[in-house]
Amino acid sequence: MTKITQPQRLDLIPPSAPFSEEQRAWLNGFFAGLMSMDDAGVVALSPAENAAIAGDADDGAAPWHDPTLQLQERMTLAQGRPLRRRMMAAMAQQDCGQCGYDCQNYAEALFAHKEERLNLCVPGGKDTARMLKALAQERDAAPSTESAATAPSVSHSTSAPGRSRDTPVEAIFLSRRRLNKPASEKETWHIELDLSKSGIDYSVGDSLGVFAQNDLGLVDQIIAMIGASPLAPVKGKSLREALRDDCALSPTPDRLFELISFLTGGETRAKARALAQGEDRDNDAADLDVLAALMKFPGVRPHAEVFVEALEPLQPRLYSISSSPKAAPGRVSLTVDAVRYKIGKRLRKGVASTFLAERIESEAPLKVYVQASHDFSLPSDPNAPVIMIGPGTGVAPFRAFLQEREAIGARGRNWLFFGHQRSDCDFFYSDELNAMKSSGLLTRLSLAWSRDGSEKFYVQDRMREVGRDLFAWLADGAHIYVCGDARRMAKDVERALVDIVAQYGARATDEAVAFVAELKKSGRYRQDVY
C-alpha cells in the first residue's frame, strides 16, 4: 500500500481579507487544492479530486451566502462549484422570498428547469438576471454532470391564499402618516392596511409583499414617446392599464434594447446592441429606465403589444411589518421610505414606496401577501433578553417585537438601538418608544444621530460606547437582532460586535469572530437585511 503524504494546511487568504471565517477557510481549501506541489510535502490531486473541483461534487457549504458581498465576490467564492451552486451565488443572498423561494431553492428550480423566469430576484436586479442568463446558457449548452433528476428537491412557497406572490389577496388601504418632521431630508411614512376581510394573518418578524401600480404620469410619457394610443389593446386590457399594472419600467431590460436595435440602423443600432449585451459606451446605462431609454433613442415606434412583451413584469415589493397582530387585530402596519431622486432635471420615484406614500387613496384595495420570516422571530423564551438594532426604517420589526412582548406579558429585558440623521425631525415613533421606556417595557433606548454633530455618529458607534453593558447582556443569554441596510450598516454593526466581544470578553480577534459566528449558528444573532 503506497503511503500518501498528507497536504499541509496553507493560509493563502490573509485574516485581513474582507471574508468571514467560513469564507476564508473555504477559499484556503479551494486554492490549496488547485496547487500541485513537489515531494517536499504535498501530492498532486487525483482525477477524482480534480473532478470534484471541476464541479462534479459539492460539500454543501455556501461561503457566498452573505448579503454584504458584491456579485463578483460571490461568484469568485463559487468558482469551481456545480452549476446549480453558482446559480445560487448569483442571487442577492437575502433570502427575502420575493422570488417565491429562498436563494438556494430558486437556484435549484432554475437548474432543474422547474422555473424558467430568470428575473425574479428583486434585490439582485439586472446584474443577477444577466448572470443567471449566462449560467442558464451554460446549463443548456453543456449540461452539468449532475443531472436535474438528481438535484435536491425544490421547496416552493405555499400556494395558500395570501401566503405567496403567486396567490395574493386583497387588503384595504386605510391611512398614511408622515414620521419625519418638515425639516427632514427624508420622507418616511407609517402605513396602515386593513386585513380583516383578506383571510390571512401574520406573525411578528414577517414581511408584507405589496403589488403596486406605476405612476400614470410616467406611463403617459412612455406612451407618448412610442407614439401609441393609450387604448391600444394588449393582452385583454388597454396599453395604459398594462403599463400601469403589469410592467416594470425601471431599469431598462436588455430585451427592450434588442427591440430598439431591430427598429433602427447604423450607429444607433450598434449602440442599442451594445447596451443589450451589457456594454456601457456612454457611461449612462445605470441611469436608463424605460422612459430614459426611449429618450436616448427617439423616434422608435414599436407596436404596443411587442413593446409590452419586451418589458419585464412588475415585481411585488417586500416591507418588514411594523405591528403585532395581538396589538392591532385585522390590521397591519408598514414603515416606508418614499424613494425620490433626480437624474439630470428629471425626478425619479420608487414604484411601491410612492404608490403607498402618495398615489393610493383611502379605502382603495390593493393586492398583498405575507412572506414568512426566515427565523427572524422573537425567542421562544419570553424571559430571554433581546437587543434590537434598527436605524431608520430598520426599526419596523422592532416596533412589532415590542408590541408583541407587551401583549404576551414577556418579562425579558428589551434594548433598542435606533439612529437616523437628526434628533429633532427623524426620531420615528418617538412618543411610542418614550412611553415604552417610561413603562419599563423598553429597558434601554440608545440613540445615534449622524447629522447632529460635526462628525457622523451611527448605531455601531453607540454600541461601542456601551460595549461593556452590551457584552454583559450577551453573557446573560440575550438574543441580538439587526434590521436594515446589508452592505454598510449590517456589516459595520457586526464588526462593532466583534470588537466588543474581543475587548470586554477578553478574547483574541479570531476568538471573537468565532463567538459571533456561534451566536448566528445558535439562532441568537439574526438579521433582516436588504
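- Here the shortest heavy-atom pairing between R176 and R359 reads NH2-N, 4.1 Å.
- Side chain of T128 to main chain of A90: a donor-acceptor pair is present (N/O by atom type, distance under 3.5 Å, no hydrogens or angles).
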**Item:** Test side chain to side chain donor-acceptor pair (under 3.5 Å) applied to S320 and D528, step by step
**Value:** CA-CA 8 Å; S320 297; D528 178 12; 2.9 Å; yes

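- With values rounded to the nearest 0.5 angstrom, R507 atom CZ is found 12.5 Å from T509 atom OG1.
- The shortest heavy-atom contact between S439 and M436 is OG-O, 3.0 Å.
- In this pair, H420 and F428 present their aromatic rings perpendicular. The plane angle is above 60°, beyond the 30 to 60° band.
- Proximity of R165 to Q315: side-chain heavy atoms (C-beta onward) are separated by under 4.5 Å at one or more points.
- By the 4.0 Å N-to-carboxylate-O rule, R422 lies close enough to E185 to be salt-bridged with it.
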**Message:** Between D201 and L195, does the side-chain contact (heavy atoms from CB on, under 4.5 Å) criterion hold? Intermediate values first, please.
**Reply:** CA-CA 8 Å; D201 57 11; L195 295 180; over 6 Å; no

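- Looking only at distances, no side-chain donor or acceptor of D492 sits under 3.5 Å from a matching main-chain atom of M489.
- Classification of the F471-F515 ring pair by plane angle, with boundaries at 30° and 60°, yields tilted.
- Looking only at side-chain heavy atoms (C-beta outward), F457 and D452 stay at 4.5 Å or farther from each other.
- Contact of the R86 side chain with the Q79 side chain is not registered, since no non-hydrogen atoms from C-beta on lie closer than 4.5 Å.
- A heavy-atom distance below 4.5 Å is found between the side chains of R444 and D469.
- Under the 4.0 Å criterion applied to side-chain N and carboxylate O atoms, D426 and R451 are not assigned as salt-bridge partners.
- Between atom CG of residue L416 and atom CG of residue L433 there is a gap of 6.0 Å, rounded to the nearest 0.5 Å.
- For the pair R411 and N383, the tightest heavy-atom approach, listed with the atom from each and the gap, is CB-OD1, 3.4 Å.
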**Request:** Could you walk me through whether F418 and F398 pass the ring-ring contact (aromatic ring centres under 6.0 Å, His included) test, one step at a time?
**Result:** CA-CA 10 Å; F418 173 77; F398 304 137; over 10 Å; no

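- The closest donor-acceptor contact from the side chain of R526 to the backbone of S377 lies under 3.5 Å.
- Ring pair W415/F417 is parallel by interplanar angle, where below 30° counts as parallel and above 60° as perpendicular.
- Here the side chains of V332 and S323 are in contact, with some heavy-atom distance below 4.5 Å.
- No donor-acceptor pair closer than 3.5 Å links the side chain of E404 to the backbone N or O of A327.
- At distances below 3.5 Å, not a single donor-acceptor pair connects side-chain atoms of R317 with backbone N or O atoms of S353.
- Checking each of K133, E312, R130 against N119 for a side-chain hydrogen bond (donor to acceptor under 3.5 Å, both in side chains) leaves exactly one that passes, namely E312.
- Checked by atom type and distance alone, the side chain of R85 pairs as donor or acceptor with a backbone atom of A61 at under 3.5 Å.
- By the side chain to side chain contact (heavy atoms under 4.5 Å, CB included) test, D499 is found to be paired with R464, R495, residues two or more places apart in sequence or in another chain being considered.
- Although no hydrogens or angles enter the test, the distance criterion places no donor-acceptor pair under 3.5 Å between the side chain of S184 and the main chain of K181.
- Atom CZ of R346 is surrounded by more than 12 heavy atoms from other residues, nucleotides or ligands within 6.0 Å.
- Side-chain N or O atoms of N105 include none that pairs as donor or acceptor with a backbone N or O of D102 at under 3.5 Å.
- Residues S333 and T335 fail the side-chain proximity criterion, which asks for heavy atoms closer than 4.5 Å.
- Shortest non-hydrogen contact noted between T354 and V339 is CG2-O, 3.6 Å.
- Take A89 and apply the side chain to side chain contact (heavy atoms under 4.5 Å, CB included) test, not counting sequence neighbours, and it matches W64, R74, M75, A78.
- Rounded to the nearest 0.5 Å, atoms CG (L356) and CD1 (I191) are 5.0 Å apart.
- Although no hydrogens or angles enter the test, the distance criterion places a donor-acceptor pair under 3.5 Å between the side chain of D95 and the main chain of C103.
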**Message:** Does V529 form a side-chain contact (heavy atoms from CB on, under 4.5 Å) with T68? I'd like the steps, not just the answer.
**Reply:** CA-CA 9 Å; V529 296; T68 68; over 6 Å; no

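- Look at E187 and R178 and you find no salt bridge, because none of the NZ, NE, NH1 or NH2 atoms lies under 4.0 Å from a carboxylate O.
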**Request:** Could you go through the side-chain contact (heavy atoms from CB on, under 4.5 Å) check for L474 and Y504 one step at a time?
**Result:** CA-CA 11 Å; L474 290 176; Y504 297 104; over 6 Å; no

**Request:** Assess whether side-chain contact (heavy atoms from CB on, under 4.5 Å) is satisfied between Y202 and L208, documenting all intermediate values.
**Result:** CA-CA 9 Å; Y202 64 92; L208 193 74; over 6 Å; no

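- Remark: aromatic rings of Y530 and Y319 are distant, center separation not under 6.0 Å.
- Taking 4.5 Å as the limit, every side-chain heavy atom of V351 sits out of range of all side-chain heavy atoms of L249.
- Annotation: the span from R462 atom CZ to I389 atom CD1 amounts to 13.0 Å, rounded to 0.5 Å.
- The two residues Q371 and G97 come nearest to each other via the heavy atoms OE1-O, 3.2 Å.
- Salt bridge E494/K491: absent, no basic N to carboxylate O contact under 4.0 Å.
- In this structure, L135 and L118 have side chains that are not in contact, with every pair of non-hydrogen atoms separated by 4.5 Å or more.
- For NZ of K126, the number of neighbouring non-hydrogen atoms (other residues, nucleotides, ligands) closer than 6.0 Å is greater than 12.
- One distance of note links CD of Q72 with CG of D127; it measures 8.5 Å at 0.5 Å rounding.
- Panel note: side chain Q93, backbone M91; a donor-acceptor pair is recorded below 3.5 Å.
- What you find for I343 and Y341 is that their closest heavy atoms are CD1-CE1, 3.8 Å.
- Close placement of the Y429 and H190 rings is indicated, their centers lying within 6.0 Å of each other.
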